[in-house]
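All heavy atoms count here, side chains included; hydrogens, waters and symmetry mates do not.
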Amino acid sequence: MLRVYNTLSRTKEEFKPIDDPNVGIYLCGPTVYKPSHIGHMVGPVIFDAVKRYLTYSGYKVRLVVNITDVDDKLIAESNQCGVPMSKLAEEMTADYLANLAALGVDVIDCFPRCTETIDEIIRFTEQLIAKGFAYEAAGDVYFEVSKFPEYGKLSHRSVEALQGDGGGMAERKRSGADFALWKSAKPGEPSWPSPWGAGRPGWHIECSAMSRKLLGESFDIHGGGLDLMFPHHENEVAQSEACHGRPMAKYWMHNGLMQASSEVGKLGGRNTKPVEGDLAAQEVGKISKSKGSAPFRDMLKKFSGETIRFFVLSTQYRRPIDYSEERLHEVETGMDTFYRLFKRFERVASESFYALPAPATRKQGDFDAGDDPLLKTVAELRNRFLEAMDDDFNTGGAIGTLFDLVRAINKYADDEKLEEPSHRTPEKLDSFRRAILTLRELTATLGLFRQPPQEKTPGGDDLAGKLMKLLIELRAEARKKKDFATADRIRNTLTEIGVTLEDRPGGTDWSVK
RNA sequence: GGCGCCGUAGCCAAGUGGCUAAGGCAGCGGAUUGCAAAUCCGCCAUCGUGGGUCCGACUCCCACCGGCGCCUCCA
């Protein structure tokens with residue numbers, strides 16, 4: 001049974017789609033006014049895995065991520081750079097999409113833009129006015145929070161607490177808790193015509209409008225960073241539920257935020273006021289303030305998208321993650337164990353791990369282990385993996401069983417001496433292959449190891465490859481003649497320049513660190 | 001101040017009212033290797049502190065200490 005932690009109830013609930021087997025997921029995306037940073041990527045990676053796992057579990061999932069391409073920050077940034085807002089938004093959206101691609105996040109079904117949803121936003125606002133939940137005030141339209149008694153049910157805040165301070169509130173508002181659905185345009189600002197005059201959407205209305213347009217009045221999962229719970233998500237609930245008289249989303253999932261490690265945090269002090277108006281990634285307020293928000297694309301120069309994905313998924317999604325390069329390097333080291341096993345599989349079975357046809361669904365992945373000790377272990381570990389994932393997408397726990405699985409398979413290959421062709425039998429190879437296939441199946445649900453890693457140095461017919469071939473041959477000859485001094489000199493020198501040699505029954509492999 | 005989260009080994013990180021408290025990185029010992037590398041085996045925690053509940057708590061409750069998030073639009 002799949003269970004999901006629901007922010008609404010603050011408990012884990014059994015996952016039952018509204019319209020089984022269809023599942024609709026809406027995730028708050030970025031405000032595209034600057035290049036995206038690591039914090040923007042946490043949600044997409046997590047929900048990419050959520051969708052993959054739900055799909056694997058038999059559901060038909062539609063995942064929507066919005067792009068906020070009009071907002072105060074965008075206007076400010078565009079004025080400062082002297083670039084039209086639409087052009088700026090277009091460039092930053094391209095940056096965002098490229099980053100997702102690098103992470104292998106490719107299961108998002110659509111990216112609705114706010115500026116392409118203006119009609120729907122206006123209609124939504126009109127409906128709220130007609131139903132008495134919103135009012136116009138001098139070209140602005142505000143949602144009247146006091147008209148929606150359930151306000152605060154998501155973030156568990158009382159309206160009273162919010163109305164206490166009237167000091168800085170806009171004079172047009174009836175109450176400090178009211179929030180803007182539509183803002184009248186100031187001179188020079190981008191605007192759209194509306195029944196209330198030229199203006200633009202407020203901060204929260206787009207998500208209500210887009211989700212209704214693409215997923216319906218009620219859908220299954222609404223996701224976003226923890227920082228968005230209030231006020232953004234609370235306001236979405238108010239807008240949508242006031243308008244439709246039914247729950248907006250059945251499950252609300254909030255992911256923890258990316259933080260700088262304490263080391264870095266010290267440098268930035270406590271200046272952690274997040275960037276406002278940024279739907280998906282006020283997250284890393286700390287990082288962005290203390291480190292100047294290194295663009296994600298720069299991070300990709302240091303680490304592969306796969307490494308970052310693995311890093312993000314190695315922690316349960318509701319918890320904060322401490323970011324540090326050191327941590328990323330450790331993750332790389334751990335992942336190498338997987339890559340080495342995949343290469344080992346290729347040597348032994350002459351088949352690419354990445355081309356293996358992974359069972360697409362949970363049911364297909366079941367198999368009869370019989371009396372085969374390896375497969376029994378594999379089946380057990382597979383169950384543990386699935387149990388972890390069924391428990392509110394515990395990717396961290398699931399990854400732990402993956403390492404166990406790798407060890408079990410390596411041990412089998414060791415014990416059965418599969419590196420030596422003479423010891424291979426069809427039965428052993430079959431067990432080995434089925435175990436690897438299971439690894440393929442499970443890693444696929446996390447979106448991991450779908451492509452071979454970028455080789456640091458291609459070993460093909462380039463110069464380095466040819467030279468290495470020569471050196472390895474010379475060393476092999478030396479070793480044959482027991483001339484270990486020469487053999488070790490070659491290997492030690494290579495080690496110094498970062499090349500590692502691995503001797504094994506079939507020959508010598510090399511890799512660059 | 002209000003609402004909420006977290007504190008598990010050197011670092012990261014799962015998890016549980018009683019069974020060996022996963023796994024990763026680092027470290028140590030061993031097998032293997034001409035020596036290495038890789039791989040495998042073994043070792044490495046009593047779960048922030050103090051109380052309470054319970055036959056029994058790291059796991060529930062309270063307090064405290066420490067770390068952290070959010071508290072709208074305008075700014």
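Of the C1' atoms belonging to B:rU20 and B:rC43, the separation is 14 Å, rounded to the nearest Å. Separating the P atom of B:rA45 from that of B:rC5 is a span of 31 Å, rounded to the nearest Å. One C1' atom belongs to B:rC3, the other to B:rA9, and the distance between them is 34 Å to the nearest Å. Taking atom P in both B:rG2 and B:rA63, one finds a spacing of 13 Å when rounded to whole Å. Comparing the same atom, C1', in B:rC47 and in B:rA22 gives a spacing of 14 Å after rounding to whole Å. As rounded to the nearest Å, B:rA38 and B:rG24 have P atoms that lie 15 Å from one another. Comparing B:rC70 with B:rA13, their C1' atoms sit 25 Å apart, to the nearest whole Å. The separation of B:rG23 from B:rG15, taken at their P atoms, amounts to 14 Å, rounded to a whole angstrom.
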Legend entry - Chi angles and distances behind the ring-ring contact (aromatic ring centres under 6.0 Å, His included) call for A:Y339, A:F449: CA-CA 8 Å; A:Y339 294 131; A:F449 306 127; 5.5 Å; yes

Inset, instruction - Run the numbers on A:D404 and A:T401 for side-chain hydrogen bond (donor to acceptor under 3.5 Å, both in side chains), then give the verdict. - result: CA-CA 5 Å; A:D404 286 335; A:T401 69; over 6 Å; no

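Ranking B:rG69, B:rG24, B:rC35 by closeness to the A:D488 side chain, first place goes to B:rC35. Comparing B:rA37, B:rC70, B:rC25 by their closest approach to the side chain of A:T500 singles out B:rA37. With distances taken from any side-chain atom of A:R475 to the nucleotides B:rC40, B:rC35, B:rC6, the minimum falls on B:rC35. Comparing B:rG15, B:rC40, B:rC73 by their nearest atom to the side chain of A:N394 picks out B:rG15. The A:Q316 side chain lies nearest to B:rA14 when the options are B:rU39, B:rA14, B:rG24. Minimum atom distance to the side chain of A:R340 is reached by B:rA38, of the listed B:rG4, B:rA38, B:rG24. For A:A180, counting side-chain heavy atoms from C-beta on, the closest listed nucleotide (B:rU39, B:rC25, B:rC73) is B:rC73. Checking B:rA13, B:rG34, B:rC73 against every side-chain atom of A:A487, the shortest atom distance belongs to B:rG34. Checking B:rC74, B:rC11, B:rC40 against every side-chain atom of A:D72, the shortest atom distance belongs to B:rC74. Comparing B:rG15, B:rC41, B:rC73 against the side chain of A:D391 picks out B:rG15 as the nearest.
For B:rC25, the paired base is B:rG10 (Watson-Crick or G-U wobble, both distances below 3.5 Å). When Watson-Crick and G-U wobble pairs are counted only if both distances are under 3.5 Å, B:rA75 pairs with no nucleotide at all. If you check B:rC60 for Watson-Crick or wobble pairing at under 3.5 angstrom, you find it paired to B:rG52. With a cut-off of 3.5 Å on both Watson-Crick or G-U wobble distances, the partner of B:rC68 is given as B:rG4. Remark: B:rU20 base-pairs with no nucleotide; criterion is Watson-Crick or G-U wobble with both hydrogen-bond distances under 3.5 Å. Across all strands shown, the partner of B:rC40 is B:rG30, judged by Watson-Crick or G-U wobble contacts whose two distances both fall under 3.5 Å. Nucleotide B:rA45 has no partner under the Watson-Crick or G-U criteria, as no pair reaches both atom distances under 3.5 Å.
Look at A:F403 and the base of B:rG24; the rings do not stack under the cut-offs of 5.5 Å between centres and 30° between planes.
Here the two rings, on A:F179 and A:Y142, have centers that are 6.0 Å apart or farther. Two rings, from A:F345 and A:F432, have their centers less than 6.0 Å apart.
If you check distances only, the side chain of A:R10 never reaches the base of B:rG4 with a donor-acceptor pair under 3.5 Å. A donor-acceptor contact under 3.5 Å is not formed by the side chain of A:R504 with the base of B:rA38. On a pure distance criterion of 3.5 Å, no polar donor-acceptor pair joins the side chain of A:R407 and the base of B:rC40.
Between A:F484 and A:K186, the residue whose closest nucleotide on RNA chain B is further toward the 5' end is A:F484. Of the two residues contacting RNA chain B, namely A:D336 and A:R384, the nearest-nucleotide position lying further toward the 5' end is that of A:R384.
Taking the six-membered ring where tryptophan is involved, the planes of A:H233 and A:H254 are tilted, since the angle between them lies from 30° to 60°. Between A:F403 and A:F310, the ring planes are perpendicular. Angles over 60° get that label, and only those under 30° would be called parallel.
Note on A:R319: a side-chain N or O is less than 4.0 Å away from OP1 or OP2 of B:rA14. An OP1 or OP2 oxygen of B:rC74 is reached within less than 4.0 angstrom by a side-chain nitrogen or oxygen of A:K183.
Between the side chain of A:N6 and the backbone N or O of A:T11, no donor-acceptor pair lies under 3.5 Å. Listed for the A:R309 side chain is a donor-acceptor partner under 3.5 Å among the backbone atoms of A:L103.
Within the 4.0 angstrom heavy-atom criterion, base atoms lie near A:D414. No engagement by A:T495 is indicated, since no non-hydrogen atom pair under 4.0 Å with the nucleic acid exists. In this structure, A:T337 reaches the sugar-phosphate backbone alone: every heavy-atom distance under 4.0 Å involves primed, P, OP1 or OP2 atoms, never a base.
Between the CD atom of A:E419 and the P atom of B:rA37 there is a distance of 17 Å, rounded to whole Å. Per the geometry, CG belonging to A:L442 stands 17 Å off P belonging to B:rG23, to the nearest Å. Distance A:I409 CD1 to B:rC41 P: 13 Å, rounded to the nearest Å.
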